[in-house]
Enquirer: 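First the structure, which I've put down as C-alpha cells, then a few questions once you've had a look.
Computed over heavy atoms, backbone and side chain alike; hydrogens, waters and symmetry mates excluded.
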Amino acid sequence: GKTISDRDRALVEDFVGTISLKEIDSGDPAFLAEKLQKVFELTVQASRNSLDRAYIELGQYGYNLGPMAEKIASADQVLGS
C-alpha cells in the first residue's frame, strides 16, 4: 500500500522544492524542524483531520465508528451501560 496519496506527495514535493540549498546548508535545527513540522501537517495531520470530520458526520447519522466510538464502547462496558 501507499504511505501517502499522490496528492499529498505532490504537496510535499511542491513545499520541499521551495527550500533552498543555502537554507539547508545553514544547518539551523530550528529551520529544519519547522519544515518537517509543515510536511507532517500537510500529510499526516491533514489526513487525520479529514477522518475526524468523516467520523463526526457519520455519527450524526447514527453510525458511530472510529476511535471515539471505540472509546465510548469501552467506557460503556466498564460502566455497565
Side-chain angles (χ1 to χ4, degrees):
K2 289 185 175 184
T3 53
I4 62 173
S5 70
D6 291 337
R7 179 185 164 277
D8 289 342
R9 194 177 317 280
L11 282 171
V12 170
E13 185 176 333
D14 287 345
F15 176 72
V16 172
T18 64
I19 301 171
S20 72
L21 289 176
K22 181 180 177 185
E23 291 170 317
I24 293 171
D25 287 340
S26 73
D28 179 9
F31 170 80
L32 295 175
E34 176 186 326
K35 297 303 178 184
L36 287 173
Q37 179 64 35
K38 183 66 174 175
V39 168
F40 176 81
E41 290 169 4
L42 286 171
T43 56
V44 176
Q45 198 59 50
S47 295
R48 285 179 180 169
N49 291 344
S50 180
L51 284 171
D52 288 345
R53 285 190 302 275
Y55 287 137
I56 289 168
E57 189 163 335
L58 285 169
Q60 292 171 346
Y61 291 97
Y63 298 99
N64 295 315
L65 304 168
M68 185 50 97
E70 292 170 12
K71 289 179 184 177
I72 291 169
S74 285
D76 286 348
Q77 288 174 348
V78 170
L79 297 174
S81 299

Enquirer: Who else is in the cluster with Leu36 when I, L, V, M, F, W and Y are joined by side-chain contacts under 4.5 Å?
Expert: none
Enquirer: Other than Phe40, what residues sit in its cluster of Ile, Leu, Val, Met, Phe, Trp and Tyr side chains whose heavy atoms are under 4.5 Å apart, directly or through others?
Expert: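 Listed partners: Val44.
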Enquirer: Please report the interatomic distance NZ(Lys35) to NZ(Lys38), rounded to the nearest 0.5 Å.
Expert: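 Between atom NZ of Lys35 and atom NZ of Lys38 there are 9.0 Å.
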Enquirer: Indicate every side-chain donor-acceptor pair of residues 54-61 with a distance under 3.5 Å to a residue at least two apart or in another chain.
Expert:
none

Enquirer: For Asn49, give me all partners under side chain to side chain donor-acceptor pair (under 3.5 Å), at least two apart in sequence or on another chain.
Expert: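 For Asn49, the residues satisfying side chain to side chain donor-acceptor pair (under 3.5 Å) (neighbours in sequence not counted) are Gln45.
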